[in-house]
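Presented below is the structure to which this report refers.
For this chain, numbers begin at 1 and follow the sequence in order.
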Amino acid sequence: MATASHPPIPENVMTPEAALKRLLEGNARYVAGEFNDRDYSETRAVLTQGQNPYAALLSCADSRVSPELCFDEGRGDLFVNRLAGNYVSLDMLASLEYGAVVLKAPLIMVLGHTECGAVKSAITAEKDHFDFPGHIQTITTQLRSAVKAAEKSGGDLLAATIVENIKINVDNLKDSTPLLRRLVEQGKLLVVGGLYHLDSGKVELVA
Ligand SMILES: [Zn+2]
C-alpha cells in the first residue's frame, strides 16, 4: 500500500509467490472484516508520482465482485481489468501485457465468481440455442468452450463452467505469445485463477 511516508517506490519488486501471498492475506482480512486503515486523501498526492501495482487482475465486471475491496488493497496496488465473463479478449490481453511488462506486476489472477450471470448466459445460449441481442452474444460465444468442458466433467453445470472458464483463461494467458509466456518461463510472472465466493467473500485458488 502506498502511503504519504512511503512514496511509490517499486513495491512490486517481489517474487510472484510473495505477490500471491500478499493478495491472499488481503482477502483473509476482508473475510474476517479486519481491514487496514487507509487515508485516501494522503495517498492521492503520492500516487501522482507513479504506480507500482503488484498484481494484475482479469475480473468479471459483476458489481458484487470488487477486487480492491475483496483483497483489502488501496489505489495503486492492483491493476484491475474487468469484463463480464472474465475471459481473455485481444484488448484484455494487451492491457494485461501492459500490467506485466510495463508496470512489472509479477502476478496475474483471473478472478471468476460464483453465480456468474455471464456464465449463466453462456449456458442458456448453448443449451436453449438462445441468441442474445446486440453484442452480448460475443460473451456467450467466448465462454462456449468452458460450457463444453464442464459438460464432460459432470456435476453442477454452472459451478463447473465457472471453474472451467477460469482455468481456460489462465492457460490462455500462460501460453500467450510473445510476452506473457516468456515471463512465465523465466519465472518472473505467475498466472493463477481465483474463484470469489459471493456468500463468504473468500477467494479460492482453482488454477
Ligand atoms: Zn460474472
Side-chain angles (χ1 to χ4, degrees), residues 1 12 19-20 22-24 26-27 30-31 38 40 47 51-123 125 132 134-147 158 161-174 176 179-180 189-207:
M1 180 179 63
N12 59 355
L20 179 59
R22 175 171 166 177
L23 200 63
L24 295 179
N27 179 243
Y30 171 76
V31 171
R38 296 183 200 291
Y40 288 107
L47 288 170
Q51 61 167 325
N52 297 295
Y54 72 90
L57 280 101
L58 173 54
S59 166
C60 186
D62 192 300
S63 63
R64 299 166 294 180
V65 181
S66 294
E68 283 88 351
L69 288 176
C70 81
F71 293 113
D72 187 31
E73 290 291 11
R75 293 167 308 198
D77 296 320
L78 303 178
F79 190 68
V80 181
N81 304 266
R82 303 187 69 169
L83 176 71
N86 47 271
Y87 61 88
V88 181
S89 68
L90 191 58
D91 294 318
M92 280 292 166
L93 177 58
S95 188
L96 288 163
E97 285 178 344
Y98 185 86
V101 175
V102 179
L103 301 179
K104 297 185 165 47
L107 174 70
I108 295 177
M109 175 181 276
V110 177
L111 184 63
H113 65 98
T114 54
E115 299 299 325
C116 181
V119 173
K120 285 180 184 174
S121 300
I123 292 171
F132 287 86
H135 296 86
I136 300 170
Q137 196 70 22
T138 304
I139 300 172
T140 64
T141 302
Q142 290 288 335
L143 301 189
R144 189 164 181 262
S145 56
V147 180
L158 175 61
T161 305
I162 288 167
V163 172
E164 289 293 346
N165 183 47
I166 295 168
K167 289 179 175 175
I168 287 169
N169 285 289
V170 165
D171 286 344
N172 287 346
L173 289 172
K174 281 181 179 172
S176 73
L179 299 179
L180 299 187
L189 175 70
L190 189 63
V191 184
V192 299
L195 173 64
Y196 178 79
H197 289 265
L198 288 185
D199 53 0
S200 66
K202 186 172 171 52
V203 174
E204 176 191 357
L205 275 185
V206 295

Check whether more than 12 heavy atoms from other residues, nucleotides or ligands sit under 6.0 Å from atom CZ of Phe132, and answer yes or no. yes
Rounding to 0.5 Å, atoms OH (Tyr87) and OG1 (Thr141) come to a distance of 8.5 Å
Please name the pair of heavy atoms, one in Pro67 and one in Leu111, separated by the smallest distance, quoted to 0.1 Å. CG-CD2, 4.4 Å
Do the side chain of Asn169 and the main chain of Asn165 share a donor and acceptor less than 3.5 angstrom apart? yes
Judged by atom type as modelled, is there a donor-acceptor pair below 3.5 Å linking the side chain of Thr140 to the main-chain atoms of Ser121? no
Arg82 atom CZ, neighbour heavy-atom count above 12 within 6.0 Å: yes
Where Ser89 and Leu83 come nearest, the two heavy atoms and their spacing: OG-CD2, 4.4 Å
I'd like to know if the side chain of Asn27 and the backbone of Gly201 have a donor-acceptor N/O pair within less than 3.5 Å. yes
Please name the pair of heavy atoms, one in Gly194 and one in Met109, separated by the smallest distance, quoted to 0.1 Å. N-CG, 3.9 Å
How about Leu23 and Tyr54: do any of their side-chain heavy atoms sit closer than 4.5 Å? yes
Quick one: closest heavy-atom pair of Gly76 and Leu47, and the distance? CA-CD2, 4.1 Å
With a 4.5 Å heavy-atom cut-off, do Leu143 and Val119 have their side chains touching? yes
Hey, does the side chain of Asp62 reach the backbone of Cys116 with a donor-acceptor pair shorter than 3.5 angstrom? no
Is the side chain of Ser95 donor-acceptor paired with the backbone N or O of Met92 at a distance under 3.5 Å, no angle test? no
To the nearest 0.5 angstrom, please state how far the CD atom of Gln51 sits from the CG atom of Leu78. 11.0 Å
When you measure from the side chain of Glu68 to the backbone of Glu73, do you find a donor-acceptor pair of N or O atoms at a distance under 3.5 Å? no
Answer yes or no: is there a side-chain heavy-atom contact under 4.5 Å between Lys104 and Asn52? no
How far does CD1 of Ile139 sit from CG of Asn86, to the nearest 0.5 angstrom? 10.5 Å
Applying side-chain contact (heavy atoms from CB on, under 4.5 Å) to His197 and Leu195, what does each step give before you reach the verdict? CA-CA 6 Å; His197 289 265; Leu195 173 64; 3.8 Å; yes
Pairwise distance OG(Ser59) to OH(Tyr196) - rounded to 0.5 angstrom: 10.0 Å
Tell me, with the steps shown, if Val80 and Phe71 meet side-chain contact (heavy atoms from CB on, under 4.5 Å). CA-CA 12 Å; Val80 181; Phe71 293 113; over 6 Å; no
For the residue pair Pro53 and Leu103, what are the closest heavy atoms and their distance? CG-CD1, 3.9 Å
Could Glu115 and Lys120 be called an ion pair, given the rule that one side-chain N must be under 4.0 Å from one carboxylate O? yes
How far does OG of Ser145 sit from CD of Glu164, to the nearest 0.5 angstrom? 9.0 Å
Could you walk me through whether Leu93 and Leu173 pass the side-chain contact (heavy atoms from CB on, under 4.5 Å) check? CA-CA 8 Å; Leu93 177 58; Leu173 289 172; 4.0 Å; yes
Any donor and acceptor pair, going by atom type alone, linking the side chain of Arg38 with main-chain N or O of Asp72 inside 3.5 Å? yes
Is the closest side-chain heavy-atom distance between Ile108 and Leu180 below 4.5 Å? yes
Looking only at heavy atoms, which two atoms of Ala118 and Ala84 are closest? And how far apart? CB-C, 3.9 Å
Please report the interatomic distance CG(Asn172) to CG(Leu96), rounded to the nearest 0.5 Å. 11.5 Å
Close side-chain approach of Leu190 and Leu20, heavy atoms under 4.5 Å: yes
Audit row: Arg22, Leu107, side-chain contact (heavy atoms from CB on, under 4.5 Å) steps and yes/no: CA-CA 11 Å; Arg22 175 171 166 177; Leu107 174 70; over 6 Å; no
